[in-house]
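Below, all heavy atoms of this structure are taken into account, side chains as well, without hydrogens, waters or symmetry copies. Naming convention: chains lettered A, B, ... in sequence-line order (proteins, then strands); numbering from 1 in each chain. Not measured: the values here are computed from a predicted model.
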There are 2 protein chains.
Amino acid sequence: MSVTIKDVAKEANVSPSTVSRVLSDSDKISEKTKRKVRKVMNELGYHINYNARVLVQKSTKTIGIVMKHSATHSWHNPFFPEVLRGISTYCHKLDYSISLTTGESEESIYKEVVKMVHGKRIDGIIVLYSKKDDKVVPFLIEQQVPFVVIGKPMEHTNEIMYVDNDNVQAGKEAAEFLIDLGHEEIGFIGDNPDFQVIQDRMNGFKEALLSNDLFYRDEYIKYVDDNNNRKIVTELFNQEITPTALVISSDIQAIGILKLLHEIGYRVPDDISIVTFNKTFITELSIPSLTTVNTQTYQLGYESSRCLIELINEPEMFKRSVIIPTVIEVNDSHQKVLKV
Amino acid sequence: MSVTIKDVAKEANVSPSTVSRVLSDSDKISEKTKRKVRKVMNELGYHINYNARVLVQKSTKTIGIVMKHSATHSWHNPFFPEVLRGISTYCHKLDYSISLTTGESEESIYKEVVKMVHGKRIDGIIVLYSKKDDKVVPFLIEQQVPFVVIGKPMEHTNEIMYVDNDNVQAGKEAAEFLIDLGHEEIGFIGDNPDFQVIQDRMNGFKEALLSNDLFYRDEYIKYVDDNNNRKIVTELFNQEITPTALVISSDIQAIGILKLLHEIGYRVPDDISIVTFNKTFITELSIPSLTTVNTQTYQLGYESSRCLIELINEPEMFKRSVIIPTVIEVNDSHQKVLKV
DNA sequence: CTGTTAGCGCATTCAT
DNA sequence: ATGAATGCGCTAACAG
């Protein structure tokens, strides 16, 4: 059917192993025969069959990517394409392929991961989230598959390699940015708190309030369950004292909130200031453009694949973790509080 | 190292071929031995090695996905995650894996595709775009790799299986929607016209104007090159007669335009109406929410993988193509023209 | 430097 | 209904 090393070997009057050595550019082969063999390869239109190589080398040069299930917002969230871009840029430098797992539920994703791993389809895995009650990570630990988590693992923090922002710090910075502008009543709106990232940002937020001697009130902390944005906003602004500023855990979420605020007559930044997290095309295109903590998603992806491939090549390596710095990007969704 | 069929065979007192037959659930094996073998498989923790199977079966049960290079907007565009969701949903039903090609340039993507194909890593490919001067599609034709294009191919239309919307029709509907509201001066803002989809939508737009006896003027048609949004908007509204409505080729692009209009003091929909294409989270979260032609991206993905897998299993099949209907979704970015 | 031999894990003849 | 033998295409000792 297609051309194999045997065909090339015969045509070039060498043995198959010589051809194989030419393929891996072994330094034990003379330049002359290399040239000869390569010439024949071209003439015959030879191309290596990776599957055969995988079978004997036990390395697939493929990494698996596991994401949150599609029912969550991860799909709509530009985080995903951007992190993938970072991952693939690095992977392609080192000639690794990418295999994607998705699924409609946590269970189906888990099953796919199991298949990937047991079927020996991948050399390592990047997990694009860190979540409570997740089965994937424990499975990977048990199976001793090299893996890297993007986000801070909920458990086994010291045995797991992860790449993350310092989300506590990020939350703190977001709040302090507002505090420096004179805000004293600041609310927090977060996504699903099952994800570590949300918890961290909230904790940083809280920390900032307390260390600045501001009153911290539970009524100012809201989490989005499903599509209860409206309820949340209503609750926030139906209190005796209402916030003059909001920290919102993602820019996507923020534009939703922005719209609701707009509907009930609050203007940003005139009536209320907003600081969000993540920088996507939304932050600039929103009206007003959003002041945001840039988490440098591309870098998260890039570094995670770097770590993973290092780990694959050196399984016993020290499980260090990488913190990608966050950068606050000042746009138009905030305003100073005029001291009366 | 890991458990193979031989190990299972030995333990179960059968031959390796019997185990293999149990794996493929052959009807030539008695239920009794099947049960026995499966029991041993569980006990030993056996899992099939797909690579070995691929080597002999010549089917990888993997499909490749080729997208536009990341320098374009495809990455930021929620089209991508959504189409992927459709693809993966179907693929996982039929137990296919997904392998992703990406790259920083057309050239690098092309190389990756070549590697995928020659390295026999995939059974078929879905190409997520249709573009002028593209090298990937001709290569796939030449190599006789089963593939499906999302979007209408620029050439070889009859020999290529594709899944697409009727974008001419969609363009027409968008324009007619505005015409029905009384608009007579309607502009069109499109993405890179190298992509067939943009051409088609523009042509449909033009057709609608002409068949409604409206004056069609070139000054009302603008394409975005790079970041010349501002220039385009300025040009459009510095003419003697300015449009009262715009058709914009994607919702992402639309919110950019929306912002510029906002800056120069035009309000949507009061001063100008907008109809866009694609429905993503943006259409609802934008202020105002965008009236848009929903192209049903998920379906595009779902159908494309369905077609591809059919094609893989029956390479000589008739190359039919699938048109996914578009649906106009009426939101808040348009207004009737008050007849004076 | 190069050839020979053996085998990766599985599916598939051809036997029985 | 099951077993034995062969090979998919490649790499990796071991020779020489």
Side-chain angles (χ1 to χ4, degrees), chain A residues 1-41 44-62 95 115-123, chain B residues 1-41 44-62 95 115-123:
Chain A
M1 177 121 153
S2 56
V3 188
T4 75
I5 53 171
K6 279 188 187 171
D7 303 322
V8 176
K10 202 175 292 173
E11 188 71 17
N13 285 315
V14 295
S15 76
S17 43
T18 302
V19 179
S20 172
R21 287 184 182 109
V22 173
L23 274 181
S24 48
D25 203 22
S26 158
D27 33 332
K28 298 179 180 179
I29 299 286
S30 70
E31 276 308 317
K32 212 176 90 191
T33 45
K34 273 189 189 173
R35 266 196 300 278
K36 185 175 66 180
V37 170
R38 288 200 178 113
K39 184 158 161 277
V40 174
M41 282 180 174
L44 266 49
Y46 168 81
H47 291 282
I48 190 173
N49 182 327
Y50 284 103
N51 302 302
R53 172 181 274 185
V54 164
L55 193 57
V56 33
Q57 288 196 331
K58 269 123 184 63
S59 156
T60 61
K61 288 276 235 171
T62 300
D95 224 41
K115 238 176 52 186
M116 263 190 172
V117 170
H118 282 152
K120 311 241 183 317
R121 286 175 169 288
I122 44 87
D123 290 348
Chain B
M1 181 123 151
S2 55
V3 187
T4 74
I5 53 171
K6 277 189 189 171
D7 303 322
V8 176
K10 202 175 292 171
E11 188 71 18
N13 286 315
V14 295
S15 78
S17 39
T18 301
V19 179
S20 172
R21 287 184 182 108
V22 173
L23 275 181
S24 46
D25 204 21
S26 159
D27 34 330
K28 298 181 181 178
I29 299 287
S30 70
E31 276 306 319
K32 211 176 92 191
T33 45
K34 273 189 191 175
R35 264 197 300 280
K36 184 175 65 181
V37 170
R38 288 198 178 115
K39 182 156 163 277
V40 175
M41 282 180 175
L44 265 49
Y46 169 82
H47 291 282
I48 190 170
N49 182 326
Y50 284 103
N51 302 302
R53 170 179 276 186
V54 164
L55 194 58
V56 32
Q57 288 196 331
K58 269 123 184 59
S59 156
T60 61
K61 288 277 235 170
T62 300
D95 225 39
K115 237 176 54 188
M116 262 190 173
V117 170
H118 282 151
K120 311 241 184 314
R121 285 174 168 289
I122 44 85
D123 290 347

For residues [X] and [Y], report the shortest heavy-atom separation together with the two atoms involved.
X     : Y    : answer
B/G45 : B/V3 : O-CG2, 4.1 Å
B/P16 : B/A9 : N-CB, 3.6 Å
A/V19 : A/I5 : CG1-CG2, 3.6 Å

Euclidean distance, atom [atom1] of residue [X] to atom [atom2] of [N] [Å, nearest integer]:
X      : N      : atom1 : atom2 : value
A/K120 : C/dC10 : NZ    : C1'   : 13 Å
B/Y50  : C/dA11 : OH    : P     : 10 Å
B/E31  : D/dT2  : CD    : C1'   : 15 Å
B/K61  : C/dC10 : NZ    : C1'   : 16 Å
A/K28  : C/dG3  : NZ    : P     : 15 Å
B/K10  : C/dC10 : NZ    : C1'   : 16 Å
B/H47  : C/dC10 : NE2   : P     : 12 Å
B/I29  : C/dT12 : CD1   : P     : 13 Å

Hey, does [Y] have a side-chain heavy atom less than 4.5 Å from the side chain of [X]?
X     : Y     : result
B/L23 : B/M41 : yes
B/Y50 : A/V54 : no
B/V22 : B/K36 : no

>> Closest-nucleotide mapping onto DNA chain D: is A/I5 or B/D27 further toward the 5' terminus? I mean the 5' end.
In response: B/D27
Enumerate all atom pairs, one protein N or O and one N or O from nucleotides 6-8 of chain D, separated by less than 3.5 Å.
residue: D/dC8; atom: O3'; partner: B/K58; partner atom: NZ; Å: 3.2

Under 4.0 Å between a side-chain N or O of [X] and OP1 or OP2 of [N]?
X     : N      : value
A/T18 : C/dG3  : yes
B/Y46 : C/dC10 : yes
B/T33 : D/dA1  : no

Please enumerate all protein N or O atoms sitting under 3.5 Å from an N or O of nucleotides 13-16 of chain C, with distances to 0.1 Å.
residue: C/dT13; atom: O4; partner: B/R21; partner atom: NH2; Å: 3.0

Remember a base hit wins even if backbone is also touched, and classify [X] as base, sugar-phosphate or nothing at under 4.0 Å, heavy atoms.
X     : answer
A/D7  : nothing
B/S30 : sugar-phosphate
A/V19 : nothing

> Can any side-chain N or O of B/N51 pair as donor or acceptor with the backbone N or O of A/K120 at less than 3.5 Å?
Replying inline: yes
>> Tell me if a side-chain donor or acceptor on B/D123 pairs with a main-chain N or O of B/T60 at a distance below 3.5 Å.
In response: yes
> Is the closest basic N to carboxylate O distance between B/D27 and B/K34 below 4.0 Å?
Replying inline: no
> Strictly by modelled atom types, are B/S17 and B/S15 linked by a side-chain donor-acceptor pair under 3.5 Å?
Replying inline: yes
